Structures are given as structure tokens and as C-alpha cells.
**Q** 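Sharing a structure, written as C-alpha cells. Questions coming.
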Amino acid sequence: MFTNIYSPIHQLKHTARNQVLVKRDDLIDPYISGNKWRKLKYILKDVQKSNKNHIVTFGGAFSNHLVATAAACARADLKSTAFVRGEVVSNEMLLLCKLFGMNLIFTDRDSYRNKRLLFDSHFGTDPDVYFVDEGGAGTEAVRGCAEVIAELPQEVDHLFCAAGTGTTAAGLLKGIHQRKLKTQLHVVPVLKGGDFIADEIYKHTGNIEQLVMHTDYHFGGYAKTPPALIEYIKNFVADEGMLIDPVYTSKMFFAIDDLISNKYFKKEEKIIAIHTGGLLGIWGMKDKFIY
Ligand SMILES: *Cc1c(COP(=O)(O)O)cnc(C)c1O
């Protein structure tokens, strides 16, 4: 399942001044989408290598990671269980998780904080079970994300990604360093106070040369979608014919547009954005889109 992926590069039609290309990782799979596919690739290989057959992981009730893990496990003939943060709820994302056969354990916010303890108390002695951190974070995830770089044209000046934990960004930067490219990696944290993400990246790469953080495009915080962002999404999708999500990629594309307007880049410089997927996220925000 992790061969022959479809992730073409498309050009945006409506940008001023600079050409912007988009690496369409969102098209890899509707459910194992974007960076979640990249992150799971080597995790699944490691599960198979260690002769386990059951992935246990963690996430919020609207987690792209949970849907991706559920779908990937079903395809790889693995069992999947998720600790879901908060009170018992049902929504479109969790419905998909259940359809893909995932077992959901709703967990109050206090117990959720200590994931190892939670894991051990339910599965501590089970030899078949494999622990995957929230969002799939870890060295396997970094390795998978680094592979994006080999699929890009060599002469990219500026590469953009949205960041929640920074694992994807760490992989991209690692790939840039490994290939000795001159490309700058621009990271747009989607949460407030995103400076810590540079430290997270450093933990994985040991070197943050060529990293540029843009911490002012969070729109109030994680999953916050003020009217200006909703307006931006509506216009972008109608103009480009390319769907973007309200939590991650819309904030990245907004940042790129804003930087272009401020003449941040030289005119001839090449910009590529990674579309990290997450398009199911729109169903958690239906009420925000009033027409
Ligand atoms: C999870 C997710 C991210 C964040 O990835 P990190 O590796 O946690 O920084 C970005 N974009 C989308 C669409 C996601 O689902």
C-alpha cells in the first residue's frame, strides 16, 4: 500500500507577483491523507517487522491522525484502537474511524495527559500491541516526511508547510539537509505561541539552518477560524478549484499570499507549498460556512 503514490505538483492560478506550486499530498488518499500518510509509512513497516498486529494511538475527536490510522490499519490487516480525548461524542470523523474498524476509548482530559500510563493500564502486558504517539510523532514519522523532498524539483527557493507538532517540518528540513539543497523551509504554526516548534524541529534535526518560522498566522489559536479566514477559504477554493482545510493548510496559504503581497520574496524566486491534506476537517466546521 505504500508504493506508487499519486502526489502531483500543481500551480496556483491566482497569485500576484510570484509563481506558487503546490505539492498535492492531499491527493495521496482521501482518508490517509497528506502528511499523515507520510508519517504512518515507516510506523506500519515497523509494526510488521516487530510482529505486532494492533496499533494503539491517541487523538482528539476531530483528529485527522485517527482517521488515517484507522484506514491504514484496515488496509494493512492490523487492529486499531484509539484513546479519544474528552467526553463521549459522535461526529463524522469518529464515524469514519468506526467504519474502518477502529475501537474507540473515550478518556477524560486528565487521564489523557499521561499517555504511557493510559496505554500500560489497558494494554501493558499485551505482546501484540504497538504504541503510536498522538499525531504519529516520532523518528519513523520524520523519516517518512523527509521523503517528500526527493519528489520536488531541485531548484525550489522556498518550501512551505503548516505545523501542529512540527514533526512534518522536521522531516522536510532533514530531507533538505540530506540533499544539501539551498531551499529555505518556511513553517507556519497553526497555534498560538508556535516558537516552541523550532525547538521540536531541532530535536529531530540537530540543526535549524534554512528554517524560517512565521508565527503570526495562527488566527487566534489551534482550530480557531475567524471570519477573515473563512472568507479566505471560500475565495481560494472557488478561484483555484482546490480544497483546503480550515485548521492547517488555509493558514499556510494565507501566510504565503500575505508574504507575497508584502514583497517578501524576489520576483523570480520559486515557492512550493505542501498540501498536507486534512480535508475532512471541514465537516467539523460546517456551521462556520454561511452562504
Ligand atoms: C496533522 C496535520 C498537520 C500537522 O503536522 P505536524 O507534523 O503535527 O506538524 C498539518 N497539516 C495537516 C492537514 C494535518 O492533518
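Quick note: residue numbers are just sequence positions, from 1. Keep in mind that this is a model prediction, so the values were computed, not measured. First listed ligand is number 1; within each ligand, the first listed atom is number 1.
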**Q** Give me the nearest non-hydrogen protein atom to atom 11 (N) of ligand 1 as residue plus atom name, then the distance to 0.1 Å.
**A**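 Among all protein heavy atoms, the one nearest atom 11 (N) of ligand 1 is T276 OG1, 2.7 Å.
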
**Q** Could K98 and E92 be called an ion pair, given the rule that one side-chain N must be under 4.0 Å from one carboxylate O?
**A**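 Between E92 and K98 there is no salt bridge, as every charged N stays at least 4.0 Å from the carboxylate O atoms.
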
**Q** Do me a favour and list the nearest non-hydrogen protein atom to atom 14 (C) of ligand 1 with residue, atom name and distance?
**A**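 The protein heavy atom lying closest is K36 NZ, 2.8 Å.
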
**Q** Using distance alone, decide if ligand 1 has a nitrogen or oxygen within less than 3.5 Å of any nitrogen or oxygen in Y248.
**A**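 Checking ligand 1 against Y248, no N or O pair falls under 3.5 Å apart.
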
**Q** Please determine if N35 has a nitrogen or oxygen closer than 3.5 Å to a nitrogen or oxygen of ligand 1.
**A**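 Yes; the residue has a nitrogen or oxygen that sits under 3.5 Å from a nitrogen or oxygen of the ligand.
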
**Q** Have a look at ligand 1 and work out which part of T165, if any, has a heavy atom under 4.0 Å from it: side chain, backbone, both or neither.
**A**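 It is both parts that get close, each with some atom under 4.0 Å.
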
**Q** Kindly assign one of parallel, tilted or perpendicular to the pair F131 and F119, based on the angle between their ring planes and the thresholds 30° and 60°.
**A**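 Perpendicular: the ring planes of F131 and F119 meet at over 60°.
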
**Q** As a test of understanding, state which of K23, K174, R179, K41 forms a salt bridge (charged side-chain N to carboxylate O under 4.0 Å, His left out) with E147.
**A**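 Single pass found, and it is K41.
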
**Q** Do T168 and ligand 1 have an N or O pair less than 3.5 Å apart?
**A**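 Yes, there is a polar N/O contact under 3.5 Å.
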
**Q** Looking only at N/O atoms, are G277 and ligand 1 under 3.5 Å apart anywhere?
**A**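 G277 vs ligand 1: no N/O contact under 3.5 Å.
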
**Q** Taking the basic N atoms (NZ, or NE/NH1/NH2) and the acidic carboxylate oxygens, is any pair closer than 4.0 Å for K115 and D133?
**A**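 No, K115 and D133 are not salt-bridged.
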
**Q** Specify the closest pair of heavy atoms between M285 and V247, including all atoms of both residues, with the distance to one decimal.
**A**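 Nearest pair, atom of M285 first, then V247: CE-CG2, 3.9 Å.
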
**Q** Using a 4.0 Å cut-off to any heavy atom of G278, which atoms of ligand 1 qualify?
**A**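 Answer for ligand 1: 13 (C).
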
**Q** Would you please indicate if the ring centroids of F123 and H54 are separated by under 6.0 Å?
**A**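 Yes, they do, as the ring centres are separated by less than 6.0 Å.
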
**Q** Which ligand 1 atoms, with their elements, are less than 4.0 angstrom from a heavy-atom of A163?
**A**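 Near A163, meaning under 4.0 Å from one of its heavy atoms, ligand 1 has 9 (O).
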
**Q** Between L40 and A72, what is the shortest heavy-atom contact and its length?
**A**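 So the minimum-distance heavy-atom pair works out to CD1-CB, 4.1 Å.
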
**Q** Using a strict 4.0 Å cut-off to heavy atoms of T167, name the atoms of ligand 1 that fall inside it.
**A**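 This gives 7 (O), 9 (O) as the contact atoms.
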
**Q** Determine the interplanar angle of the H186 and F265 rings, folded into 0 to 90°, and report it as parallel if under 30°, tilted if 30 to 60°, perpendicular if over 60°.
**A**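 Correct class here is perpendicular.
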
**Q** Would you please determine whether H65 falls within less than 4.0 Å of ligand 1 on a heavy-atom basis?
**A**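 No.
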
**Q** Is there a polar contact, in the sense of an N or O pair closer than 3.5 Å, between G166 and ligand 1?
**A**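 Yes.
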
